[in-house]
Asks: 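Before I ask anything, here is the structure I am working with.
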Amino acid sequence: VASLPCWTRENVEAQRGRRVFEPSIEGLRLLGAHGYGDSPEYPLDLVYNPTGPDLPPSQAELEQRYRNELQERFGIAFRRLYAITNMPIRRFASSLLREGRLEDYHSLLVQNFNAEAVPQLMCRHLVSVGWDGGLYDCDFNQQLRLPLGGEPLTLFDIDSLGELTGEGVETRRHCFGCTAGAGSSCGGALA
């Protein structure tokens, strides 16, 4: 899985910094030369997230556009594109706060709540495990150091993940990022 916010230098470097685009394209070409792409044996998936405080467009439509643009411009093939919503945490939240746009972004996420995305949220089916064995409801809660169920717990404290069945999910305002629009998870759009 590789992150590529766009097929143009301008958009990639606006989001990731100067001189990032060419090495990214070269890396994808190298993977292609080794057989990675749209093959079932060596699949290459790409990740898209918006450059700012916006919801991602339709994943299916964007995937087709990526497929066409990357093939035409660079000869790059891939299996799937995952469109992921920017989560208002850490560096992105700090940036929005400095710009006075954090509350507007939170409002956008809440206003676009999609109940159909809720059953598929990763926090309902998976756990995230930290380097030290700490357990979290999701990668985002791990970044925020919000432990699973609100109490610090590690893999070493349990005998089986089955013991976690029925545990509540630690939620905060950032959780609306996974339920807004088409929903968002590590696998892209949910609904």
Asks: Can you tell whether the side chains of R173 and E103 come within less than 4.0 Å, N to carboxylate O?
Replies: yes
Asks: Step by step, work out the side-chain contact (heavy atoms from CB on, under 4.5 Å) result for R80 and Q59.
Replies: CA-CA 10 Å; R80 286 197 61 205; Q59 181 171 287; 3.4 Å; yes
Asks: Are V127 and F140 connected in the hydrophobic side-chain network, where two residues link if heavy atoms are under 4.5 Å apart?
Replies: no
Asks: Looking at G177 and S184, what are the two nearest heavy atoms and their distance?
Replies: O-CB, 3.8 Å
Asks: How many angstroms lie between CG in D137 and OG1 in T171, if you round to the nearest 0.5 Å?
Replies: 8.5 Å
Asks: Enter the distance from Q120:CD to S185:OG here, rounded to the nearest 0.5 Å.
Replies: 8.0 Å
Asks: Ignoring hydrogens, what is the shortest heavy-atom contact between L44 and A2? Give both atom names and the distance.
Replies: CD1-CB, 4.4 Å
Asks: Where do S24 and R16 land on the side chain to side chain donor-acceptor pair (under 3.5 Å) test, with the steps shown first?
Replies: CA-CA 11 Å; S24 298; R16 300 284 164 80; over 6 Å; no
Asks: For residues P53 and L108, determine if any side-chain heavy atom of one lies less than 4.5 Å from a side-chain heavy atom of the other.
Replies: no
Asks: Spell out, yes or no, whether L190 and L55 are grouped together once hydrophobic residues are joined by side-chain heavy atoms under 4.5 Å, including indirect joins.
Replies: yes
Asks: Quick one, L62 and Y48 - any side-chain contact, counting heavy atoms below 4.5 Å?
Replies: yes
Asks: Can you confirm whether R29 is buried at CZ, in the sense that more than 12 heavy atoms of other residues, nucleotides or ligands lie under 6.0 Å from that atom?
Replies: yes
Asks: Determine yes or no for a side-chain-to-main-chain donor-acceptor pair under 3.5 angstrom, with Y136 supplying the side chain and V129 the backbone.
Replies: no
Asks: Check the pair E63 / R67 against salt bridge (Lys or Arg N to Asp or Glu O under 4.0 Å), numbers first and verdict last.
Replies: CA-CA 6 Å; E63 180 177 291; R67 194 172 308 287; 3.0 Å; yes
Asks: Looking at F74, I want to see if its CZ is surrounded by more than 12 non-hydrogen atoms of other residues, nucleotides or ligands under 6.0 Å.
Replies: yes
Asks: Would you say the side-chain atoms of D157 and T154 include a donor-acceptor pair closer than 3.5 Å?
Replies: yes
Asks: Flag yes if more than 12 heavy atoms outside H34 fall under 6.0 Å of its NE2 atom; otherwise flag no.
Replies: no
Asks: Before giving the answer on side-chain contact (heavy atoms from CB on, under 4.5 Å), spell out for W7 and R65 the whole-Å C-alpha distance, their side-chain angles and the decisive distance to 0.1 Å.
Replies: CA-CA 9 Å; W7 53 84; R65 181 88 192 269; 3.2 Å; yes
Asks: Stepwise, does the side-chain contact (heavy atoms from CB on, under 4.5 Å) test hold for L109 with T179?
Replies: CA-CA 8 Å; L109 298 177; T179 62; over 6 Å; no
Asks: Please check: side-chain N/O of E163 versus main-chain N/O of S160, any donor-acceptor pairing under 3.5 Å?
Replies: yes
Asks: Do V12 and L31 sit in one hydrophobic cluster, given that two such residues count as connected whenever their side-chain heavy atoms are within less than 4.5 Å of each other, even indirectly?
Replies: yes
Asks: What closest approach, in Å, do S3 and N49 show between heavy atoms, and which atom pair accounts for it?
Replies: OG-OD1, 4.5 Å
Asks: Could you tell me if the side chain of L70 sits less than 4.5 Å from the side chain of L4, heavy atoms only?
Replies: yes
Asks: Quick check: closest heavy atoms across C186 and D139, and the distance to 0.1 Å?
Replies: SG-OD2, 3.7 Å
Asks: Drop me the distance from I25's CD1 to E22's CD, to the nearest 0.5 angstrom.
Replies: 7.5 Å
Asks: Can L46 be reached from Y42 by stepping across I, L, V, M, F, W or Y side chains whose heavy atoms are under 4.5 Å apart?
Replies: yes
Asks: Any side-chain heavy-atom pair from N141 and H174 closer than 4.5 angstrom?
Replies: yes
Asks: Please answer: with hydrophobic residues joined when any side-chain heavy atoms are less than 4.5 Å apart, are I84 and V1 in the same cluster?
Replies: yes
Asks: Working to the nearest 0.5 Å, report the span between CG of L102 and CG of L97.
Replies: 5.5 Å
Asks: Hey, are the side chains of N86 and Y105 touching, using non-hydrogen atoms and a 4.5 Å cut-off?
Replies: yes
Asks: Distance from Q111 atom CD to H106 atom NE2, nearest 0.5 Å?
Replies: 13.0 Å
Asks: With sequence neighbours excluded, tell me which residues meet side-chain hydrogen bond (donor to acceptor under 3.5 Å, both in side chains) with E116.
Replies: none
Asks: So L148 and E170, do their side chains get closer than 4.5 Å, heavy atoms only?
Replies: no
Asks: If you count heavy atoms of other groups shown closer than 6.0 angstrom to CG of D159, is the number above 12?
Replies: no
Asks: Decide whether N11 and Q15 meet the rule of one side-chain donor and one side-chain acceptor closer than 3.5 Å.
Replies: no
Asks: CG/L121 to SG/C175 distance, rounded to the nearest 0.5 angstrom?
Replies: 8.5 Å
Asks: For the residue pair C178 and A117, what are the closest heavy atoms and their distance?
Replies: O-CB, 4.2 Å
Asks: Which atoms form the tightest heavy-atom contact between T8 and F21, and what is the distance?
Replies: C-CE1, 3.7 Å
Asks: Taking the side chain as everything from C-beta on, heavy atoms only, tell me whether V118 gets closer than 4.5 Å to F113.
Replies: yes
Asks: Quick one: does Y66's side chain have a donor or acceptor within less than 3.5 Å of a partner on F78's backbone?
Replies: no
